[in-house]
**Q** 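If you scroll down you'll find the structure; I have some questions about it.
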Amino acid sequence: MPAGVDSDVFEQLMASVERFARERLIPAERRVEEEDAIPEEIVSEMKEMGLFGLSTPEEFGGIGVNVPQEARLIEALCYASLTFRSLIGTNVGIGSQGIVMDGTQAQKEQWLPGVASGDVIASFALTEPDNGSDAGGIRTSARRDGSDFVINGTKRYITNAVRAGVFTVFARTDPEKPGADGVSAFIVPANTPGITVAKPDRKLGQRGTKTSDVIFDNVRLPESAILGGPERLNQGFRTAMKVLDRGRIHVGAMAVGQSQRMLDIATDYALQRKQFGKPIGEHQLVQGMLADCQAELHAARALVRATAETFNREGKAILEASCTKYFCTEAAGRIADRALQIHGGAGYMAEYDIERLYRDIRLLRIYEGTSQIQQLVIARRTLAERAG
Ligand code: COS
C-alpha cells in the first residue's frame with residue numbers, strides 16, 4: 001500500500017496549497033478569464049511548489065503523494081478556478097500515470113524527472129473525432145514497418161497539447177481486431193516529425209485551459225516507444241482504463257473543491273443580500289437550497305475519501321471510481337445551479353464569480369468519461385458481481 005509522504009510533510013503541503021489557492025490563484029482568476037491564459041509567474045510558482053510532480057514517485061524527482069493525499073490536495077487547489085488545475089492535471093494524472101503504472105524502467109527514467117519538474121508537459125491522446133466514449137473503437141493506426149511503427153490519425157480535445165513535450169498516444173496496432181484488444185499505447189515525443197498541433201479550441205468555460213486537435217501524419221517511432229515495451233503490444237486499452245480509473249477519483253476531488261467554493265460564495269451572498277426586510281439566508285426556501293448544497297457536498301467529500309482509500313489499499317477501485325466521478329460531478333452541477341439561483345439576477349452577470357464557476361463546472365460531467373459512461377460501468381459491474 002503506497003505510504004505517500006509523511007503526515008507532517010503532507011500537512012505542510014496542504015497548508016501551502018490552501019494558502020496558494022486563496023492568496024495567489026483566486027485573485028488572478030479574472031485576469032485568466034480575460035486573457036485566456038495563465039500568467040507566467042503563476043506557472044513558475046506552481047513549478048517551484050512541485051505541483052507538477054505531486055504524484056510522480058520520489059525516485060524520479062516527484063513528491064510522491066498517494067491517492068488519498070492527492071485527492072485532498074486537488075480538492076484544496078480546486079477551491080480556485082479549475083483552469084489552474086488543468087495546467088498540472090495531465091502531469092499529475094492522465095498524461096503521466098500510464099508511464100508510472102506500466103512504463104519500463106528506461107521510460108520512467110527518461111520522462112518522469114521532466115514531468116515532475118514541469119519542464120515536460122505530458123498529454124494524454126485517446127479521444128478522436130469519431131471515438132470518445134467508445135474508447136476501444138479508436139481508428140488512429142500504428143502500422144508496423146520493420147522494427148518501427150508508423151502512426152496516422154487525428155486526436156481531438158487533447159488537453160495541454162499546445163504545451164506538450166510528450167504524448168501518450170493510443171493507436172490500433174492490430175487492424176484485424178476491431179475493439180479494445182488491438183490497441184497499443186505509445187510514448188511519443190512532441191517534436192517527432194509528422195505531428196501537428198492545431199490551434200486551441202474555443203470553449204464554454206475553463207478559459208485559460210488549452211485543448212486542441214493533434215494530427216499524426218506518418219509519425220515514425222521505434223518499437224521501444226510502446227508504453228511498457230514490445231511485450232505490452234495490444235495492451236494499451238487496459239493502460240488507458242487504469243489511468244482513467246485513477247483520474248476519476250481525481251475529478252471527484254476537483255468537483256468537491258469547486259462545490260465548497262460555490263457554497264461559500266452562495267452563503268456569503270445569502271448573508272448580505274436583503275429582500276423582504278431581511279437577509280435572504282433567513283428565508284426558508286433559500287435555506288433549503290443551502291442545506292441541499294451542504295448535504296451533497298458532505299456526501300461527495302466522504303465518497304472521494306473512501307474511494308481514494310480503497311484504491312490505495314487494493315491498487316484499483318473500478319466500480320467505486322465510477323460511482324465517485326458520477327456522484328460528485330453531478331452533485332457539483334446541482335450545487336452550481338442552486339448557488340447561481342441564490343444569487344438571483346446577479347448570478348447571471350459576469351461581474352459575479354458564480355457566473356464563471358457555473359460555466360467551468362459543466363465540463364466535469366463530460367470529460368474523463370461522461371456521466372453516462374460511468375452509469376454503464378457501474379451497472380455492468382453491479383450485474384456481473386451478482387451473476388458471479
Ligand atoms: N481496468 C483495467 N482493465 C479494464 C478496465 C479497467 N478499468 N475496464 C475494462 N478493462 C479491460 C476489460 O477487463 C477487458 O479485458 P478482457 O477482454 O481481458 O476481459 C478489456 O479491457 C475491454 O473491456 P470492455 O469489454 O469493458 O470494453 P468496452 O469497449 O466495452 O468499453 C468502456 C468499456 C465503455 C467502459 C470504456 O470504453 C470507457 O471507459 N469509455 C470512456 C472513455 C473515456 O473516459 N474517455 C474520456 C476521454 S479521455 S480524457
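Residue numbers start at 1 and run along the sequence shown. Ligands are counted one by one from 1 in listed order, and the atoms in each one are counted from 1 as well.
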**Q** Answer yes if the side chains of Ser141 and Asn152 hold a donor-acceptor pair under 3.5 Å, and no otherwise.
**A**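 Their side chains do not contain a donor-acceptor pair, so the 3.5 Å distance test is not met.
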**Q** Okay, side chain of Arg356, backbone of Glu29: is any donor-acceptor separation there less than 3.5 Å?
**A**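 Checking the backbone N and O of Glu29 against the side chain of Arg356, no donor-acceptor pair under 3.5 Å is found.
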**Q** What does the list of residues with a heavy atom under 4.0 Å from ligand 1 look like, ordered by chain and number?
**A**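 The answer is Phe124, Leu126, Thr127, Gly132, Ser133, Ala135, Ala180, Phe237, Arg238, Met241, Lys242, Leu244, Asp245, Arg248, Ile318, Glu368, Gly369, Ile373, Leu376, Val377, Arg380, counting any residue whose heavy atom sits under 4.0 Å from ligand 1.
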**Q** Using the ring centroid of each side chain, check whether Phe124 and Phe167 are separated by less than 6.0 Å.
**A**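 That pair fails the under 6.0 Å test.
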**Q** For residues Ser212 and Val162, report the shortest heavy-atom separation together with the two atoms involved.
**A**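 In terms of heavy atoms, the two residues are closest at OG-CG1, 3.7 Å.
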**Q** Would you please indicate yes or no on a ring centroid separation below 6.0 angstrom for Phe186 and Phe149?
**A**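 Between Phe186 and Phe149, which both carry aromatic rings, the centre distance is below 6.0 Å.
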**Q** Quick one, Ile195 and Val214 - any side-chain contact, counting heavy atoms below 4.5 Å?
**A**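 Of all side-chain heavy-atom pairs linking Val214 with Ile195, at least one is under 4.5 Å.
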